[in-house]
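Here is the structure we will look at, set down as structure tokens.
Just follow the structure's listing: the first ligand is 1, and inside any ligand the first atom is 1. All figures in this text were calculated on a predicted structure; none of them were measured in a lab. Sequential numbering from 1 along the given sequence is applied to the chain's residues. No hydrogens, no waters, no symmetry mates; every other heavy atom, side chains included, goes into these values.
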Amino acid sequence: MHYFSYKGDDLHAEDVRFEELGREYGTPLYVYSKRTLLRHMRAYKKAFGGGGGIVSFALKANSNGAILRLLASEGAGADVVSGGELFRALKAGIPAGKTVYAGVGKTADEISYALKKNILMFNVESDEELEKINRVAGLAGRRAPVALRVNPDIDPMTHPYISTGLEKNKFGLPIKDALEFYVRALKMKNIEIIGVHEHIGSQLTELAPFREALEKVLTLIDRLRDSGIKLKYLDLGGGLGIRYDGEKPPGPGTLAKNLLPLLKDRGLTVIVEPGRSIAGNAGVLLTRCLYTKKTARKRFAIVDAGMNDLIRPALYGSYHEIIPVRRNRRARMKMDVVGPICESGDFLAADRFMPGVKAGELLCVLGAGAYGFSMSSNYNSRPHPAEVMVDGGRHWLIRKRGTYRDLIRSELVGSEL
Ligand code: LLP
């Protein structure tokens with residue numbers, strides 16, 4: 001659910017016309033709805049926040065400080081995968097004590113930074129990583145709180161690039177060897193084993209894979225308990241899908257009702273790491289059509305947002321609905337909506353049936369709040385787009401538009417010649 005809809009013939013973000021946003025801030029422009037973000041965060045809190053449960057927002061989906069600060073004010077924790085994300089989370093006021101740190105390639109510097117900041121736990125993805133954390137913690141005279149990320153070998157039935165819980169994926173430790181890993185970890189002087197972590201993929205629209213994965217993890221937890229290893233935290237990961245193209249994914253409430261009863265009275269504190277289902281439909285990308293063009297085979301709408309601003313269609317062939325900011329009754333036709341980047345893969349929509357588009361017109365790319373700006377780049381030396389927050393009838397910048405100066409800011413051009 002979100003707050004982007006037509007009132008009369010004008011598309012609005014909450015109570016603000018997109019026309020007005022386009023005029024005031026220019027395009028391309030990411031626009032977020034505060035009410036939608038709050039609604040999603042509150043739904044998660046209601047579903048999983050009982051009994052000390054922690055909702056740790058996955059920063060990779062969207063790491064704008066204003067959004068993080070808003071979620072922090074609602075009690076969010078953070079799921080981070082780099083020192084940079086941890087830095088952002090802390091800057092935005094997310095408590096370290098609600099922050100978990102996953103990722104297969106943590107460096108010694110990142111580990112020592114996270115230790116210093118007292119994060120809740122490291123979600124460890126390999127044997128060698130565990131040894132490194134033990135070593136780094138030892139040097140710091142600390143014990144590192146750790147959960148092992150297990151790979152339950154479940155097919156999440158989603159896009160192969162965003163499946164993570166299959167045996168062939170690089171993530172986590174094979175669940176069949178997990179007991180062994182735990183026993184080894186217990187013997188490490190500077191490791192404190194406190195939990196287990198799983199995350200099987202993203203944009204999941206069915207409950208079954210979540211359940212199956214959890215059942216496998218619970219079997220492991222029981223085996224661990226029988227061997228005298230008691231865990232405090234169960235981190236269920238993220239992955240709940242959203243509606244891009246008519247999907248009907250369950251909401252956080254349904255997910256919780258299906259999963260939490262399985263835990264019975266094992267005394268575990270639950271952590272969830274949603275990203276997309278909080279931010280995805282809370283943001284859109286506003287873009288202006290620059291030109292239209294017709295060839296013998298195709299019709300193109302060339303817009304001012306490219307794969308550098310939103311890479312999902314180019315990278316995964318993802319579907320994002322694109323609608324006009326001013327509703328019209330033009331005939332529907334098949335077209336490609338493409339960006340200005342010099343790559344044939346630079347499209348926001350391919351062979352899409354939609355109402356004819358005219359140069360100068362504003363279009364909204366929906367479902368762009370997650371993995372939109374956070375995956376953007378300066379490719380073709382295009383400055384980053386601006387970002388705006390809307391709340392009722394108010395709106396304000398939460399990131400200035402990038403400039404040409406920004407493009408070269410970090411370059412060191414000396415007297416090489
Ligand atoms: N926790 C872990 C350990 C993760 O790897 C991820 C996402 C999440 C939580 C958050 O998952 P979410 O709730 O957002 O599904 N760039 C891709 C998505 C990559 C997801 C990577 N991991 C896309 O644009 O679809």
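Interface of G275 with ligand 1, defined as ligand atoms under 4.0 Å from a residue heavy atom, comprises 12 (P), 13 (O), 14 (O). Short contacts between ligand 1 and G238, defined as distances under 4.0 Å to a heavy atom of the residue, involve ligand atoms 9 (C), 13 (O). Remark: ligand 1 atoms within the under-4.0 Å shell around heavy atoms of R149 are 3 (C). Heavy-atom proximity to S202, at under 4.0 Å, picks out these atoms of ligand 1: 11 (O), 12 (P), 14 (O), 15 (O), 20 (C). Taking every non-hydrogen atom of E273 and a distance limit under 4.0 Å, the qualifying atoms of ligand 1 come out as 1 (N), 2 (C), 3 (C), 8 (C), 9 (C), 10 (C), 13 (O). Atoms of ligand 1 lying under 4.0 Å from any heavy atom of P274, numbered from 1 in the order shown and given with element: 13 (O).
Within a 6.0 Å radius of CZ in R184, other residues, nucleotides and ligands contribute more than 12 heavy atoms. Other residues, nucleotides and ligands contribute over 12 non-hydrogen atoms within 6.0 Å of the OH atom of Y6.
Between S277 and ligand 1, not a single N/O pair is under 3.5 Å apart. Below 3.5 Å of separation, one finds no N or O of L240 facing any N or O of ligand 1. Distances between N or O atoms of Y316 and those of ligand 1 include at least one value under 3.5 Å. Residue contacts with ligand 1: D79 is placed with a nitrogen or oxygen under 3.5 Å of a nitrogen or oxygen of the ligand (distance criterion only).
Using a 4.5 Å cut-off on side-chain heavy atoms (C-beta onward), Y291 and F300 make no contact. The shortest distance between side-chain heavy atoms of Y44 and R42 does not fall below 4.5 Å.
Between S202 and R276, the side chains place a donor N or O and an acceptor N or O closer than 3.5 Å (distance only, hydrogens not considered). In this model, a donor atom of one side chain and an acceptor atom of the other lie less than 3.5 Å apart for Y32 and N62.
Residue E387 holds its CD atom at 10.5 Å from CZ of R401, rounded to the nearest 0.5 Å.
With atom 25 (O) of ligand 1 as the reference point, the heavy atom nearest to it among E198, Q203, R276 is part of R276.
Residue contacts with ligand 1 for R312 involve side-chain atoms from C-beta outward but no N, CA, C or O (heavy atoms, distance under 4.0 Å). Counting heavy atoms under 4.0 Å from ligand 1, residue A61 does not touch it at all.
Checking side-chain atoms of K189 against main-chain N and O of N134 turns up no donor-acceptor pair under 3.5 Å.
Ligand 1 is approached by G239 to a heavy-atom distance shorter than 4.0 Å.
Here the options are H199, E198, E125, E129, the test is side-chain hydrogen bond (donor to acceptor under 3.5 Å, both in side chains), and the partner is R149; only E125 passes.
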